[in-house]
> 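The structure's right below; bear with me while I get my questions together.
Throughout, protein chains are lettered first and strands after them, A, B, ... in sequence-line order, and every chain is numbered starting at 1.
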Protein chains: 2
Amino acid sequence: MGMGGKKYASSTDVARLAGVSQSAVSRTYRPGASVSEETRRKVMAAAAELDYRPSLIPRIMLTHRSNLVAIVIGGMYNPFYSAVLEGFTVKLQESGHQVLLVHVDSGHSLDAVIPKLASYRVDAIVSALAILSPQSAEELARFKIPVISFNTPVKNEWVSSVCCDNAGSARILADLFLARGGRRFGYISGPPASPANLERFAGFREGLAAHGITDIATATADFRYEGGFRAALEMFARPERPDAVFCANDLVAIGAIDALRQQIGLRVPEDVLIAGFDDIPSASWAGYDLTTFVHDGPRMVDEALSILRAAETAHAPVGEVRVVVPARLVERGTTRR
Amino acid sequence: MGMGGKKYASSTDVARLAGVSQSAVSRTYRPGASVSEETRRKVMAAAAELDYRPSLIPRIMLTHRSNLVAIVIGGMYNPFYSAVLEGFTVKLQESGHQVLLVHVDSGHSLDAVIPKLASYRVDAIVSALAILSPQSAEELARFKIPVISFNTPVKNEWVSSVCCDNAGSARILADLFLARGGRRFGYISGPPASPANLERFAGFREGLAAHGITDIATATADFRYEGGFRAALEMFARPERPDAVFCANDLVAIGAIDALRQQIGLRVPEDVLIAGFDDIPSASWAGYDLTTFVHDGPRMVDEALSILRAAETAHAPVGEVRVVVPARLVERGTTRR
DNA sequence: TTGTAAGCGTTATCAG
DNA sequence: CTGATAACGCTTACAA
């Protein structure tokens, strides 16, 4: 130890030690090569001695493909996003890609990191950001990097999106609330700018409107537990209390449940029906037993990957693809009296 | 569109269009270059027209540094690990690195992915795997890749570890339980092979032994909610019920609480004191209000990064570094009667 | 300040 | 089957 020299042995080093040409070494490591047993043996011996491991970097220059896919996330406080990240990572690895994980402060947009991703020559970008600005989308298109926007609809030749059917799910929930005896309705929203939040609210409203109900109490949270807690306190401090509340996601719903039970002194579901969205692990905990919607995670990931593959093989934009995957209602205790 | 040619413009393309040499282009993009205003202007114009963005790939070949740090995780069901991942990612990005995220099926070890990481010439590896086998550690050493093992002690010239003080914390908890009136004690364990689990149990036992208590009821879970739930049912089905139970982590503790409240019909903390470990977000939810230990996340990440930096500048192993960071007790409702 | 040229570690082509 | 040799896109002496 203690030297500051080269870290890795190169194929040239191996070739020298093995007494063969550099190309012989290269061939030895290519599947389906034409190398004699003799040569292969010498090469492998030398390689073992030098701890040689071929570098993938030059290949990137030659092929213009890095096999790197960037996944951009804005935060992982919501377990749903950790799960999505894990799903993508596993699938991408299976298909021979590597994942470059990029964190962008929530609120900020992709812009700041795009140049860096371009410099690393990523093959594609998966964005799990709540917000993907039109400007970012345009910038992305300039670099001709295929982008999959997860749960945020964007329109662009290079930017596709895979979303869950927020509106459709919310409409179904309206029916469920009515069937379970809900009479006065509430919606605790996520961040007002979030498309997912807006779609869920719109669907809920439509579903109720179909039954002639237009009066919905609202309160604004973010997508977090604390926000749901506070918003519920606010909503139930008003004189007209709802008896069926749809929350923008599970974290918000759980916060609301805790607020109702611990602070307001109401029972769920006896006094108030509650539902959320995402089916995060805590939704099925016995302490909450929350009615919610499960994303079809595997399907969403698969759709995203097939868009990527199409872009990869076409070496051209795949057009404005927008896939909507239905979510499935999971009814649990919070809507059953 | 529709062409299958080169995706990115190269500095040579820009040079041609700008009517200057390729090195002029390269210099224009190097800070502190010596380029005339005239040249710079021409280059920038051409670059803008071609959407040129310099590639970092050749630099990797030249410098033998990729600025890539791999983070290996075995699963993200435990929010604590998502938080750690996020913390590392943010800090690494701040210091000019990029994160290569690698997922290894829990149970499997690093071995399978090491060659790939070596091929991408990662500068270092952060392992958040529960288990890092001695064989893997040896393999890593052969490639001379500095490794930080997070929360799993390993000994090796190239492998350092940053762990939290599991045993010390557990000893403190023993005192707390006694102070709060605990008389019959239990431990719900995590995976028997996990060092963190073993250390926590050992510390708890030592802490109680110091007061002459050697009788501890045990049940085995994994590190998950369901495991804690089942283990608690099992533990409380026996005739001798404990009245103070330490759980291997927060997920297990929350599972145990739900089991006691919903199935056994015992109250927490009135009938049973409970404590966990990690301080995941749900630990502070009003529904649980769980006593637990907070990791000093920022400090642990900083320690890990300073080891990486040392390895990077030294171009040599940093020796067998083992950092132990204390965790802080957060007493909440589950230990207050 | 500029351009020429060598080299980084591979792969691919092409004679031998 | 094998070994030269030319890319790939950049950085860095070195020369002009």
> When all nucleic acid strands are considered with a 4.0 Å heavy-atom cut-off, which category describes A/T39: base, sugar-phosphate, or nothing?
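Contact class for A/T39: sugar-phosphate only.
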
> How close or far is atom P of C/dG3 from atom CZ of B/R16, stated in whole angstroms?
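Answer to the nearest Å: 15 Å.
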
> Please walk me through it: do A/L100 and A/V122 pass side-chain contact (heavy atoms from CB on, under 4.5 Å)?
CA-CA 8 Å; A/L100 210 59; A/V122 299; 3.8 Å; yes

> Rounded to the nearest angstrom, tell me the gap between atom CZ in A/R30 and atom C1' in C/dG9.
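So the CZ-C1' distance, A/R30 to C/dG9, works out to 14 Å.
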
> Counting any heavy atom closer than 4.0 Å, what does A/S55 reach on the DNA or RNA strands: base, sugar-phosphate only, or nothing?
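It contacts sugar-phosphate atoms only.
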
> Counting any heavy atom closer than 4.0 Å, what does A/R27 reach on the DNA or RNA strands: base, sugar-phosphate only, or nothing?
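Touches a base.
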
> If we only count heavy atoms from C-beta on, is the A/Y8 to B/H64 side-chain gap below 4.5 Å?
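A/Y8 vs B/H64: side chains apart.
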
> Figure out the CZ/P separation between B/R121 and C/dC8, and round it to whole Å.
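In whole Å, C/dC8 P and B/R121 CZ are 14 Å from each other.
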
> Which nucleotide in the set D/dC10, C/dC8, C/dT10 lies at the smallest distance from any side-chain heavy atom of B/S10?
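For B/S10, the side-chain atoms sit closest to D/dC10.
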
> Classify B/L62 by what it touches in the nucleic acid, base, sugar-phosphate, or nothing, heavy-atom distance under 4.0 Å.
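If one applies the 4.0 Å heavy-atom cut-off, B/L62 turns out to touch a base.
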
> Mind checking if B/V35 touches a base, just sugar-phosphate, or nothing, with heavy atoms under 4.0 Å?
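Answer is sugar-phosphate: B/V35 comes under 4.0 Å of backbone atoms only.
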
> Find the distance A/D13:CG to C/dT10:C1' and express it as a whole number of Å.
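So the two atoms are 13 Å apart, to the nearest Å.
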
> Taking the side chain as every heavy atom from C-beta outward, state whether A/L92 and A/I71 have any pair of such atoms under 4.5 Å apart.
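SC-SC contact between A/L92 and A/I71 confirmed.
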
> Please determine whether a side-chain nitrogen or oxygen atom of B/S11 lies at a distance below 4.0 Å from atom OP1 or OP2 of D/dC10.
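So the side chain of B/S11 is within the cut-off, an N or O lying under 4.0 Å from OP1 or OP2 of D/dC10.
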
> Can you find a side chain N or O atom of B/S21 that sits less than 4.0 Å from OP1 or OP2 on C/dT4?
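Result: no.
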
> Might you work through the ring pair (Phe, Tyr, Trp, His ring centres under 6.0 Å) test for B/Y52 and A/F143, ending with a clear yes or no?
CA-CA 8 Å; B/Y52 171 67; A/F143 286 115; 9.8 Å; no

> Please state whether the base of C/dA12 and the side chain of A/S26 form at least one donor-acceptor pair under 3.5 Å?
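Checked by distance alone, the answer is no.
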
> From the set C/dT2, D/dC1, D/dC8, return the single nucleotide nearest to any side-chain atom of B/S34.
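Selected nucleotide (nearest to the side chain): C/dT2.
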
> Answer yes when A/E303 and A/R299 have at least one side-chain N-carboxylate O distance shorter than 4.0 Å, and no when they do not.
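Yes, charged N to carboxylate O under 4.0 Å.
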
> For the backbone of A/A310 and the side chain of A/T313, can you confirm whether one donor and one acceptor N or O come within less than 3.5 Å of each other?
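Present.
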
> Whole Å only: how far is the CE atom of B/M61 from the P atom of D/dC10?
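Between P of D/dC10 and CE of B/M61: 12 Å.
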
> With a 4.0 Å cut-off on heavy atoms, is B/Y52 in touch with a base, just the backbone sugar-phosphate, or nothing at all?
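Touches sugar-phosphate only.
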
> Would you mind reading off the distance between B/I60 atom CD1 and D/dC10 atom P, rounded to a whole angstrom?
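Value for this atom pair: 12 Å.
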
> Both A/R40 and A/Q22 contact DNA chain D. Which one's nearest nucleotide lies toward the 5' end?
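Taking each residue's closest nucleotide, the earlier one in sequence belongs to A/R40.
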
> Using a cut-off of strictly less than 4.0 Å, decide whether A/R53 has a side-chain nitrogen or oxygen near OP1 or OP2 of C/dT10.
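Answer is no, no contact under 4.0 Å.
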
> Looking only at side-chain atoms of A/S23, point me to the closest of D/dC10, C/dG3, D/dG3.
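That would be D/dG3.
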
> Can you check the A/R59 CZ to C/dT10 P distance for me, whole Å?
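Going from CZ in A/R59 over to P in C/dT10 covers 10 Å.
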
> Take atom NE2 of A/H64 and atom C1' of D/dC10, then tell me their distance rounded to the nearest Å.
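For the pair A/H64 NE2 and D/dC10 C1', the rounded distance is 13 Å.
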
